[in-house]
Amino acid sequence: MFIAQQLRQRNIAEYLLYMWQVEDTIRAFGCSLPRLRREYIDRFDYSDEQKEEEADWFGNLIKMMNEEGCREQGHLQINKVTLQMLSELHAQLIASPKFPFYNTAYYKVLPFIVELRNRGANKEEGEVETCLNLLYGVMMLRLQQKEVTPNTEHAVKEVSTFIGMLADYYKKDKEEGLKFE
């Protein structure tokens, strides 16, 4: 909860990737709050009060995962909405002539998006989701200490730059409001 709050303020893309990891962490503990508390939350260097807050937060996420039918796979509605907001901002930035650097970054990653979709990624998902799935997948490979090919490393570097730019525009839009025309 504490990490999520910080990330949501600082970088919406990192927040979303973190929340996807939280969903997978909950699944790894069988959607069991007692197990999550005992084997995960108690390991943090938090006060007892902070551990209670964290447990309440995880408990609410578990409840939502059960209610929304994403115990096994998929994402919580709150995360889908965040992704939708990013996707809508992406569409506005692409359509506007006022953001040439964003457009350049987008066209630089477009071949990677096309390649990922051709390799069997979900063709229904949007471009932003495809990029985030790449970043999440590579993050999971690294956590498992599995090899990441140089081509994938290159794609991740470009996609990270692009998603970082989108996250920066998201933050600026929330704080100041972007003018698209």
Side-chain angles (χ1 to χ4, degrees), residues 1-46 50-51 54-55 57-66 68-84 86-87 105 108-167:
M1 175 184 84
F2 302 109
I3 295 170
Q5 288 171 336
Q6 290 171 350
L7 288 174
R8 187 166 183 94
Q9 296 298 317
R10 192 179 74 217
N11 185 309
I12 195 70
E14 288 179 8
Y15 164 79
L16 196 52
L17 292 171
Y18 176 76
M19 289 304 296
W20 288 358
Q21 187 177 16
V22 166
E23 291 169 340
D24 283 344
T25 299
I26 290 170
R27 290 181 188 111
F29 287 97
C31 295
S32 165
L33 184 58
R35 224 182 119 202
L36 231 139
R37 180 191 290 258
R38 185 177 63 249
E39 298 175 34
Y40 185 71
I41 297 169
D42 285 346
R43 292 180 161 185
F44 291 104
D45 188 26
Y46 290 158
Q50 287 173 314
K51 286 180 183 178
E54 193 82 355
W57 183 67
F58 272 100
N60 286 331
L61 292 174
I62 291 168
K63 183 179 180 204
M64 286 188 283
M65 288 174 76
N66 286 325
E68 295 175 22
C70 56
R71 280 180 64 100
E72 304 295 322
Q73 64 183 14
H75 298 298
L76 288 165
Q77 194 61 37
I78 56 171
N79 296 331
K80 289 179 183 178
V81 168
T82 302
L83 176 61
Q84 183 62 36
L86 275 175
S87 297
K108 203 170 181 182
V109 299
L110 189 56
F112 300 120
I113 294 169
V114 170
E115 183 178 344
L116 286 166
R117 287 185 171 170
N118 287 339
R119 285 189 180 176
N122 183 351
K123 291 177 183 11
E124 298 298 311
E125 71 189 19
E127 294 169 330
V128 173
E129 186 174 3
T130 298
C131 291
L132 289 169
N133 278 330
L134 168 68
L135 298 177
Y136 186 76
V138 170
M139 182 176 75
M140 291 294 103
L141 288 174
R142 288 181 178 145
L143 285 172
Q144 298 166 20
Q145 298 180 338
K146 293 188 177 174
E147 183 182 342
V148 178
T149 67
N151 286 344
T152 301
E153 288 285 359
H154 175 68
V156 165
K157 183 175 181 260
E158 299 297 336
V159 168
S160 292
T161 300
F162 168 68
I163 291 295
M165 192 178 290
L166 177 60

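This is a predicted model, so every value here is computed, not measured.
Ion pairing between a basic and an acidic side chain is recognised when a charged N comes within 4.0 Å of a carboxylate O; E115 and R119 show such pairing. Salt-bridge annotation for E153 and R142: present, with a side-chain N of the basic residue lying under 4.0 Å from a carboxylate O of the acidic one.
Here the shortest heavy-atom pairing between N11 and A167 reads OD1-CB, 3.4 Å. For the residue pair A55 and L33, the shortest heavy atom distance occurs at O-CD1, 3.5 Å.
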Test log, rule side-chain contact (heavy atoms from CB on, under 4.5 Å), inputs L61 and I78: CA-CA 10 Å; L61 292 174; I78 56 171; 4.2 Å; yes
Intermediate values then yes/no, side-chain contact (heavy atoms from CB on, under 4.5 Å), Y136 and L16: CA-CA 10 Å; Y136 186 76; L16 196 52; over 6 Å; no
CA sep, side-chain torsions, deciding dist, call: L36, I62, side-chain contact (heavy atoms from CB on, under 4.5 Å): CA-CA 10 Å; L36 231 139; I62 291 168; 4.2 Å; yes
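Note that CG of L132 and CD of E127 are 12.0 Å apart. Values are rounded to the nearest 0.5 Å. Atoms CE and CG, on M19 and N79 in that order, are 4.5 Å from each other to the nearest 0.5 Å. The line from SG of C131 to CD of E158 is 11.0 Å long, rounded to the nearest 0.5 Å. Interatomic distance, OG of S32 versus CZ of R38, reported as 6.5 Å (0.5 Å rounding). Note: Q50 CD to D45 CG = 8.5 Å, rounded to the nearest 0.5 Å. Between the CZ atom in R43 and the CZ atom in R37 there is a gap of 15.5 Å [rounded to 0.5 Å].
Of the possible polar contacts, none joining the R10 side chain to the Y15 backbone as a donor-acceptor pair under 3.5 Å is found. The backbone N or O of Q77 lies less than 3.5 Å from a partner atom in the side chain of E68, making a donor-acceptor pair. Of the possible donor and acceptor atoms, none in the side chain of R71 sits under 3.5 Å from a partner among the backbone N and O of R27.
Two residues are said to be in side-chain contact when any heavy atoms from C-beta on lie closer than 4.5 Å; T82 and R8 meet this criterion. Contact check for E23 versus H75: side-chain heavy atoms found under the 4.5 Å cut-off. In this structure the side chain of H154 reaches within 4.5 angstrom of the side chain of F112, judged on heavy atoms. Using a 4.5 Å heavy-atom threshold, the side chains of K51 and E54 count as separate. The shortest distance between side-chain heavy atoms of Q21 and M140 falls below 4.5 Å.
Other residues, nucleotides and ligands contribute over 12 non-hydrogen atoms within 6.0 Å of the CD atom of Q144.
Y40 and F44 have perpendicular rings, their planes meeting at more than 60° on a 0 to 90° scale where under 30° would count as parallel.
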